[in-house]
Amino acid sequence: MKKALLTILSFVVCTVAFAQDLPTNPDPGKCYKRCVTPDVWVNQDVTIQVAPAYKKLKVVPAQYRTENVEVVVQSAGQELSVVPAQYETQNFEVTVTGPSQRLEKVAGSTETTTEEMIIQPAYQELEVIPAKYATENFEVTTSEGGQTLSVVPAKLGTETFEVVVTEASQRLEVIPAQYETRTETVVVQEAYQKLETVPAQYETRTETVVVTEAGQRMEIVPAKWATENVEVVVQPASSRIEIVPAQYGTETETVVVKEASQRLEVIPAVWGTETLTYKKREYGNTLKVVPASFSTDYQVIETKPATAKWGMSDTPAADCASSDPNDCRYWCYKNVPAQNITVNTTVLTNDASVITTPGCDTANANESDCGMGTYTRKVVTTPATTRVIDIPAVTKEVKRTVMTQPSTTRSIPIPAVTKTIKKTVLVSPATTRVIDIPAVTKEVTRQVMVTPPTTRAIDIPAVTKEVKRTVMVTPPTTRVIEIPAVTKTMKRTVLATPATTRVTEIPATTKTMKRTVMATPPTTRAIDIPSKSTTIRKTVLTPETTRTVDIPAVTKTMKRVVMTTPPTTRVIEVPQKTATLKTTVLASDARVDEVTIPAVNKTVTKEVLQKKGGLTTWAEVDCKLVEYNSLNINWNLGSATLTPSAKAEIDKVLLPVLQNGVSVEIASHTDSRGSAASNRSLSERRAQAVTNYLISKGINSSRIVSNGYGEARLANRCSDGVSCTEREHLQNRRTEFRVIDAN
């Protein structure tokens, strides 16, 4: 149902669209441009208040001046200063390690000698000369002769016979006969016999065949060797001297590094303080501005009311009979929503006001203390004195090392160094023994026919086929029409010649095998093995000795501090101290300046529909404008800038065409010089330059299509590699236009 409704709707829409698709009363040979009349809108200015008028208060604070007042902050007095004692430093020697002796080793000498030693005497070895063998061929029967039977199959023939698949009956013209289907078995191939081969029976018997006769080989019984260990002295026994070092003890000695003295300590004067008051500051009134408060609001203004416009669907309707898909597209009157603008506005909540606060806050302090300040004056209560403090002498513990037992030596025996060398001794010489090599046999498998082949008869049953035949159950009434019987010609297979067998002789199979026979028995020959010797290194030692070395005493220079002048004191006069205090005096009290801020208005442009468009009109177009027409613009080589003469050409030729309401394509081209990519980019810039100029002249950009074709559409023969004049290249640097249908 939906498909039918869509088809009817598409037909109605196509009829209306087709009726609007051609101009009425066209003139022969003329070209027309279809245009849709636009909606005519006019602009109206609406003024709204976005911020109200309000008062702005500015506080001019109180003016103060500063005056200086000099006051005494510390009375005159005396202080004692210590003149410290004077000291000097004296050097003295202290022995920290007494004189001693030490023993030093005089190393012994070592010499190395070489001695030759036989580690294995000369002997003989036996080498086997192996026996020589020859190969001879012999034949072995691997399969005896037999017989096979092959079946000669029976020959079958084909004969044709007729079967009634539908019996003759009657039918009525008005009330038809009733039929049922019955199944009948028909022999399509008679029974016969065929012969099946019962193959001969074979059994596998294993027979042992000698492939290598028995022989002998010689095996060497190698000589027996025993290993004896021989101890060889490679370094004789000796002794070494070990030094037992001298033993030292530590003695402690107390040394005075600073003599006892005295120092004077000053007991400083005790100072007291007294607090004095003065008029520190005068106060004026404090004014606080409470600024105007605002709340944020907004106002929605409709700049363009809701409208609707006709639009064609993107896909054609189903079952479109026209070859032009545009004939079967739906035209829809689509809603265009209203356009609004939201203007943020400010609303005055409270206007500005002033809060006056007295300069002196009597709520937190006494009114008599308001603006008063205090300062502290320092006064001596107890004068300074001195006391004597004893400084004890400073001593230092110095440790001195003294030898308690001189160094001695002890002899440590070093055992001789021996090396165990393995020496090979012949125990029994090499001999040979004869080893019998048994004959090598191989199991050979061959097939022997046990039962010759025979045949047995297999009964092949007849082949039948289920044939459906229509039988009249109820005879027709009224008028009888004879229906002849239906027959069907079928083929069946008949045995023409029974199967037989034929005997095929199978010859015996033999195999040629190789066996190895010893031609020459093995023997031996003696090989002399020379003796082996090795070189042994021996070390001869000279014992080490010692000598005595004297170690001198070690002294250390230390410093000692001695007082040369005792400490004293001197009196220092402390003068009176004054301070300058700053006081603040009120020059002028605070005041308020009032400024009125005017309201802020905003003008919004609103579009109002003056005349409804959407009607289809036709405008006559010069036919030659539908094809590409050349603009007489001479582009400079590599440039996309319009010259004054090019702009004049556009004003003269192209602007009058666009004033008729048509749409145009601007097509720019280049010559073949340069790469294809750079030429396409240059041509696109040239076409865009023309487009930008037309837009600057008030032409809507939606009515202009700009394309750059580069060197793809040359106007003459001047392609890549062709030598041409500059005038011929200039013909390709062209810009064209044509009228197009932009709807």
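In terms of heavy atoms, Glu93 sits closest to Thr555 at OE1-OG1, 3.3 Å. Of all heavy-atom pairs spanning Ala640 and Ala689, the tightest one is O-CB, 3.5 Å. Closest non-hydrogen pair, Ala687 versus Asn707, comes out as CB-O, 3.5 Å. Contact record, Thr345 with Tyr298: OG1-N, 3.5 Å, taken as the closest heavy-atom pair. Here the closest non-hydrogen pair linking Pro52 and Leu348 is CG-N, 3.2 Å. Of all heavy-atom pairs spanning Thr691 and Ile666, the tightest one is OG1-CG1, 4.3 Å.
Once rounded to the nearest 0.5 Å, the distance linking CG of Asn692 with NZ of Lys697 reads 14.0 Å. Of the inter-residue distances, the one linking Ile412 atom CD1 with Ile414 atom CD1 reads 8.0 Å to the nearest 0.5 angstrom. The distance from atom CZ of Arg673 to atom CG of Asp720, rounded to the nearest 0.5 Å, is 11.5 Å. Note that the OG1 atom of Thr385 and the CD atom of Glu265 stand 10.0 Å from one another [nearest 0.5 Å]. Rounded to the nearest 0.5 Å, atoms CD1 (Ile633) and NZ (Lys647) are 11.0 Å apart. Remark: Leu287 CG to Lys58 NZ distance equals 14.0 Å, nearest 0.5 Å.
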Please test Ser681 against Ser678 for side chain to side chain donor-acceptor pair (under 3.5 Å), starting from the C-alpha separation and ending with a verdict. CA-CA 5 Å; Ser681 176; Ser678 63; over 6 Å; no
Kindly indicate, with the supporting measurements, whether the criterion side chain to side chain contact (heavy atoms under 4.5 Å, CB included) is fulfilled by Met558 and Lys396. CA-CA 10 Å; Met558 302 187 70; Lys396 186 174 183 182; 3.5 Å; yes
For a side chain to side chain contact (heavy atoms under 4.5 Å, CB included) check, start with the C-alpha distance between Ile389 and Gln262, then their side-chain angles and the critical distance, and finish with the verdict. CA-CA 6 Å; Ile389 299 173; Gln262 289 180 336; over 6 Å; no
Side chain to side chain contact (heavy atoms under 4.5 Å, CB included) between Ile48 and Val343: does it pass, once the steps are laid out? CA-CA 9 Å; Ile48 60 172; Val343 180; 3.4 Å; yes
Applying side chain to side chain contact (heavy atoms under 4.5 Å, CB included) to Ile267 and Thr386, what does each step give before you reach the verdict? CA-CA 5 Å; Ile267 300 172; Thr386 60; over 6 Å; no
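Under the 4.0 Å criterion applied to side-chain N and carboxylate O atoms, Asp671 and Arg733 are assigned as salt-bridge partners. A salt bridge links Glu67 with Arg65: at least one charged nitrogen is closer than 4.0 Å to a carboxylate oxygen.
Side-chain contact between Gln90 and Lys559 is absent, with no heavy atoms from C-beta onward closer than 4.5 Å. Between Arg686 and Leu642 the shortest side-chain heavy-atom distance does not fall below 4.5 Å. For the pair Gln576/Thr578, a side-chain contact is recorded, criterion being any heavy-atom separation below 4.5 Å from C-beta on. Contact of the Leu581 side chain with the Tyr375 side chain is registered, since non-hydrogen atoms from C-beta on lie closer than 4.5 Å. Between Ser261 and Tyr87 the shortest side-chain heavy-atom distance falls below 4.5 Å. Here the side chains of Arg570 and Val83 are in contact, with some heavy-atom distance below 4.5 Å. Between Val592 and Val60 there is no side-chain heavy-atom pair separated by less than 4.5 Å. Side-chain atoms of Trp271 and Gln74, non-hydrogen and from C-beta on, do get closer than 4.5 Å to each other.
A donor-acceptor pair under 3.5 Å links the side-chain atoms of Ser683 to the main chain of Gly710, judged by distance alone. With hydrogens and angles ignored, the 3.5 Å screen pairs no side-chain donor or acceptor of Arg591 with any backbone N or O of Pro61. Without hydrogens or angle criteria, Ser639 side chain to Asn636 main chain gives no donor-acceptor distance under 3.5 Å. Proximity of a side-chain donor or acceptor of Asp351 to a complementary backbone N or O of Lys55 within less than 3.5 Å is detected. Between the side chain of Thr404 and the main chain of Gln247, a donor-acceptor pair closer than 3.5 Å is present. The backbone N or O of Thr296 lies less than 3.5 Å from no partner atom in the side chain of Asn344, so there is not a single donor-acceptor pair.
Using modelled atom types and a 3.5 Å distance limit, the side chains of Tyr709 and Thr670 yield no donor-acceptor pair. Using modelled atom types and a 3.5 Å distance limit, the side chains of Glu397 and Thr254 yield a donor-acceptor pair. In summary, the side chains of Thr564 and Gln86 do not present any donor paired with an acceptor at a separation below 3.5 Å, with no hydrogens or angles considered.
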